[in-house]
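Worksheet: one structure, shown below.
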Amino acid sequence: MNDWQRKSPLDWHTYVNKLVKVVAIEKHEYEGWVLTVDPVSASIVLVAFLENEEVSISVVMGHAVQEVEILQEGDSEMEQRLSRILAPEESKAYSPEELEKRKNDLKTWLETNHIPVTEQGESGRTLCVAGVLMIDPPYGPEQCSSSNEIILSRVQGLLQGYLEKQQ
C-alpha cells in the first residue's frame, strides 16, 4: 500500500476542485482538475478542458499513484464547471415546495385519468401507481421503477407526454 492509499477520505477531499499533477508508476505524469477520489480504491478522476468545450476525463488508479502535487486552487466558477460535467442536461434543483407541487399535480393528473395512485414512504414522497410502479422525486420518466417492463414503458410514455404538455 502506497502513501496515497493510506490517506483518509478527508485528506483526499482536500484535492477536489484543484489542478494537480499526478506522478504514477513508471514515471507517467497526468495533469488535470480533480473531479473526485474514489474512497475504496483511492483512484483519482481527473478532468482536462480541451478546445471547443470538449472535456477529457481520465482515471489514475490509486495503487499506481506515487505523488500528487497541487498546481492551482480552484475558484467557485471552476467548482461549478466541474460539477456540471457528469450532471444530466435537464438536471435541476427543486425546492421542497416545488417538489410537493410537482407530486400533487402529477397525482391529480393520474387520478383524473383513472390511474390508481397512492403516496408511500416515510414522508409520502414516493408515488405508487397501481401498486406495481414507483415514481420518486422529481417525478419524471427517469424516476420511474417497476419490475414489469410493459407497465414501466407505458407509464414513462404517459409521464413524458404529461410533462411536455406542462411546459
Side-chain angles (χ1 to χ4, degrees), residues 1-103 105-106 121-123 125-127 133-147 149 152-153 155-157 159-164 166-167:
M1 192 180 276
N2 62 32
D3 288 343
W4 177 255
Q5 289 174 298
R6 285 190 193 95
K7 290 183 181 286
S8 75
L10 288 174
D11 294 331
W12 292 321
H13 186 70
T14 62
Y15 291 87
V16 174
N17 299 325
K18 295 183 178 153
L19 182 64
V20 299
K21 179 170 85 174
V22 179
V23 179
I25 55 175
E26 297 182 11
K27 299 297 177 206
H28 290 286
E29 290 188 4
Y30 305 89
E31 196 171 301
W33 293 90
V34 178
L35 184 62
T36 189
V37 178
D38 177 48
V40 176
S41 68
S43 299
I44 305 171
V45 179
L46 295 175
V47 174
F49 296 101
L50 312 171
E51 303 99 42
N52 303 336
E53 295 294 314
E54 288 186 31
V55 175
S56 169
I57 298 176
S58 53
V59 178
V60 182
M61 302 306 287
H63 69 273
V65 174
Q66 291 185 325
E67 184 183 331
V68 180
E69 177 187 349
I70 296 174
L71 302 175
Q72 181 183 334
E73 297 285 328
D75 56 12
S76 60
E77 185 180 321
M78 181 54 70
E79 193 173 325
Q80 296 248 321
R81 196 171 173 192
L82 289 167
S83 71
R84 286 192 300 265
I85 288 176
L86 299 178
E89 283 298 315
E90 69 279 353
S91 172
K92 177 184 171 191
Y94 293 99
S95 70
E97 295 79 22
E98 288 173 314
L99 285 175
E100 188 67 25
K101 182 179 182 340
R102 284 176 66 93
K103 179 186 77 172
D105 289 351
L106 177 58
E122 290 175 21
S123 56
R125 292 177 43 144
T126 301
L127 292 178
L133 181 132
M134 304 297 201
I135 309 173
D136 293 312
Y139 309 103
E142 303 82 28
Q143 288 78 41
C144 293
S145 61
S146 174
S147 59
E149 296 283 330
L152 177 63
S153 174
V155 172
Q156 284 177 319
L159 195 49
Q160 187 65 44
Y162 163 75
L163 291 173
E164 286 169 4
Q166 296 298 102
Q167 294 175 347

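For this chain, numbers begin at 1 and follow the sequence in order.
Taking 4.5 Å as the limit, every side-chain heavy atom of Trp33 sits out of range of all side-chain heavy atoms of Leu35. Side-chain atoms of Ile25 and Gln66, non-hydrogen and from C-beta on, do get closer than 4.5 Å to each other. Contact check for Leu159 versus Leu106: side-chain heavy atoms found under the 4.5 Å cut-off. At least one side-chain heavy atom of Ile57 sits under 4.5 Å from a side-chain heavy atom of Val45. Looking at heavy atoms from C-beta onward, Arg81 lies in side-chain contact with Met78 at the 4.5 angstrom threshold. Inter-residue side-chain proximity for Pro138 and Leu99 is flagged as met; some heavy-atom pair is nearer than 4.5 Å. In this structure, the side chains of Leu163 and Arg102 come closer than 4.5 Å at one or more pairs of heavy atoms. Between Tyr162 and Asp105, some side-chain heavy-atom pair lies under the 4.5 Å cut-off.
When atom types are taken as modelled, the side chain of Gln5 and the backbone of Asn2 share a donor-acceptor pair closer than 3.5 angstrom. For Ser43 (side chain) and Gly62 (main-chain N/O), a donor-acceptor pair under 3.5 Å exists by modelled atom type.
Nearest heavy-atom pair, Arg125 versus Pro137, reported as atom, atom and distance to 0.1 Å: NH2-CG, 3.2 Å. Shortest non-hydrogen contact noted between Cys144 and Ile135 is SG-CG1, 3.9 Å. Summarising the geometry of Arg6 relative to Met1, their closest heavy-atom pair is NH2-O, 2.7 Å, with the distance given to 0.1 Å. For the residue pair Leu46 and Gly32, the shortest heavy atom distance occurs at CD2-O, 3.8 Å.
To the nearest 0.5 Å, the span separating CG on Leu50 from CG on Asn52 amounts to 9.0 Å. Distance check, rounded to the nearest 0.5 Å: OG of Ser8 to NE2 of His13 gives 11.0 Å. The distance from atom CD of Gln156 to atom CD of Glu142, rounded to the nearest 0.5 Å, is 8.0 Å. Between atom CG of residue Leu82 and atom CD of residue Glu77 there is a gap of 11.0 Å, rounded to the nearest 0.5 Å.
Between Val34 and the choices Asn17, Ile70, Ile44, the side-chain contact (heavy atoms from CB on, under 4.5 Å) rule is met once, by Ile44.
Taking the six-membered ring where tryptophan is involved, the planes of Tyr15 and Trp4 are perpendicular, since the angle between them exceeds 60° and thus also 30°.
Side-chain contact check for Gln160 and Glu164: at least one donor-acceptor pair (N or O, by modelled atom type) lies under 3.5 Å.
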Quick one: do Tyr30 and Val65 satisfy side-chain contact (heavy atoms from CB on, under 4.5 Å)? Show the steps, please. CA-CA 10 Å; Tyr30 305 89; Val65 174; over 6 Å; no

Given the rule in the side-chain contact (heavy atoms from CB on, under 4.5 Å) test, do Trp12 and Val68 qualify, once you have shown the distances and angles that lead to the verdict? CA-CA 10 Å; Trp12 292 321; Val68 180; over 6 Å; no

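Salt bridge present: Lys103 and Glu100 bring a charged side-chain N and a carboxylate O closer than 4.0 Å.
Within a 6.0 Å sphere centred on CD of Glu149, heavy atoms belonging to other residues, nucleotides or ligands number 12 at most.
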